[in-house]
Amino acid sequence: VGLAAFRDPLRDGVPAAITALTGAGVATIVVTGDHPATAAAVAAQAGLPARQVIGGGDAETMPDAALAPRLRHGAVIARATPALKHRIVQLLQHRGEIVAVTGDGANDAPALAAANVGIALGRRGADLARAAAGMILTDDAYPTVTAAVAKGRNITAQLRRAVAFYLGAKLALVTILVAALAAGRPIVFQPVHIVLLELFMDLGATTAFVAERPE
């Protein structure tokens, strides 16, 4: 008679990463093929709010109208099949969500491929999961996702600021030229002036936007 116990511990940094993502408005849903008790325990260790665990069999029989409202932050879906994972991604997308899926197994491939951003593990992930994903974590560290979201949002914010600045500057330049022509006055800026303006404005703005700290 023997007893063997197996444990797949939560990866380092996951609770802190989920807390940071939650603060940034990113919801986390656990969808796993594990037993409901295991899934609930892992979700609790990750710091997710206590919610009712939905079994894969129950979720598969639920109509979309009943399942979709339950897919909120902290939701736990256990005993999920590859088809169910794929369906969950589609339900979230149909209600306008941008969905990122992390996975390392071949059974995650359909969901990874259907997600807006499929994130596979590079070291421990199956070949099929890496092939289906659009992004691979070479360090297998979930906090890397948090860093990627922060950098992506900062790039987007800086691009918006840059476009607004350049459009405003160009609009002011064109308005002055058109107003002078309409009034029959001499053109205010000569070509050399415009070249100097563009040169110093581009260099100064580029330096400012790059050096600006992310919000």
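We use all heavy atoms of the structure for the numbers below, so side chains are in, but hydrogens, waters and symmetry mates are not. Worth saying up front: this structure is predicted, and the values here are computed from it rather than measured.
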Taking the side chain from Glu60 and the backbone from Ala83, do they hold a donor-acceptor pair closer than 3.5 Å? no
So, Arg87 versus Gln90: side-chain donor-acceptor pair below 3.5 Å or not? no
Does Ile187 CD1 have over 12 foreign heavy atoms under 6.0 Å away? no
So Val42 and Val30, side-chain contact (heavy atoms from CB on, under 4.5 Å) or not? Walk me through it. CA-CA 9 Å; Val42 170; Val30 178; 5.8 Å; no
Closest heavy-atom pair, Val14 versus Ala46, reported as atoms and distance to 0.1 Å, is CG1-CB, 4.2 Å
When you group the ILVMFWY residues by side-chain heavy-atom contacts below 4.5 Å and let the links chain together, are Leu196 and Phe189 in the same group? no
Might you point out which heavy atoms bring Ala115 and Val101 nearest each other, and give the distance in Å? CB-CG2, 3.6 Å
Evaluate whether atom CZ of Arg160 has more than 12 neighbouring non-hydrogen atoms of other residues, nucleotides or ligands under 6.0 angstrom away. no
Please determine whether residues Ile194 and Leu181 belong to a single hydrophobic cluster, defined as Ile, Leu, Val, Met, Phe, Trp and Tyr linked transitively by side-chain heavy-atom distances below 4.5 Å. yes
Apply side-chain contact (heavy atoms from CB on, under 4.5 Å) to residues Tyr142 and Leu21 and explain how you reach the verdict. CA-CA 11 Å; Tyr142 191 74; Leu21 289 171; 3.8 Å; yes
If you measure from NE2 on His193 to CG on Leu173, what distance do you get to the nearest 0.5 Å? 12.0 Å
If you measure from NZ on Lys85 to OG1 on Thr81, what distance do you get to the nearest 0.5 Å? 8.5 Å
Least distance between heavy atoms, Ala129 atom then Leu112 atom: O-CD1, 3.6 Å
Got a donor-acceptor contact below 3.5 angstrom from the Arg79 side chain to the Gly55 backbone? no
Would you name the heavy atoms of Gly122 and Ile136 that are closest together and state the gap between them? CA-CG2, 3.4 Å
Count the heavy atoms belonging to other residues, nucleotides or ligands that lie under 6.0 Å from NZ of Lys151, then report whether that count exceeds 12. no
Supply the atom-to-atom distance Ile29 CD1 to Ile77 CD1, rounded to the nearest 0.5 angstrom. 7.5 Å
If I compare all heavy atoms of Pro143 with all of Ala17, which pair ends up nearest, and what's the gap? CA-CB, 3.9 Å
May I ask you to test the Pro49-His73 pair for a side-chain heavy-atom distance under 4.5 Å? yes
N/O donor-acceptor pair under 3.5 Å between Thr156 side chain and Gly152 backbone: yes
Determine, step by step, whether Ile54 and Met62 satisfy the side-chain contact (heavy atoms from CB on, under 4.5 Å) criterion, reporting the C-alpha distance in whole Å, the side-chain angles of both residues, the deciding distance to 0.1 Å, and the verdict. CA-CA 10 Å; Ile54 306 173; Met62 282 185 186; 4.2 Å; yes
Looking at Val31 and Ile88, what are the two nearest heavy atoms and their distance? CG1-CD1, 3.9 Å
Begin from the C-alpha positions of Leu91 and Leu71 and carry the test side-chain contact (heavy atoms from CB on, under 4.5 Å) through to its verdict. CA-CA 9 Å; Leu91 286 177; Leu71 300 176; 4.1 Å; yes
Is there a donor-acceptor contact under 3.5 Å from the side chain of Arg124 to the main chain of Gly105? no
Honestly curious: do Val76 and Val99 fall in one hydrophobic cluster under the side-chain, below-4.5 Å linking rule? no
Point-to-point distance, once rounded to the nearest 0.5 Å, from OG1 of Thr144 to CG of Asp139: 3.5 Å
Is Arg11 salt-bridged to Asp140, going by a charged N under 4.0 Å from an acidic O? no
Taking atom CG of Asp12 as the centre, does the number of heavy atoms from other residues, nucleotides or ligands within less than 6.0 Å exceed 12? no
For the side chain of Asp104 and the backbone of Leu121, is there at least one donor-acceptor N/O pair under 3.5 Å apart? no
Would you give the length of the straight line joining atom CZ of Arg123 to atom CG of Leu137, rounded to the nearest 0.5 angstrom? 10.5 Å
Separation between CD1 (Ile119) and OG1 (Thr102), nearest 0.5 Å, reads 6.5 Å
Please confirm whether the backbone N or O of Ala111 pairs with a side-chain atom of His86, one donor and one acceptor, at under 3.5 Å? no
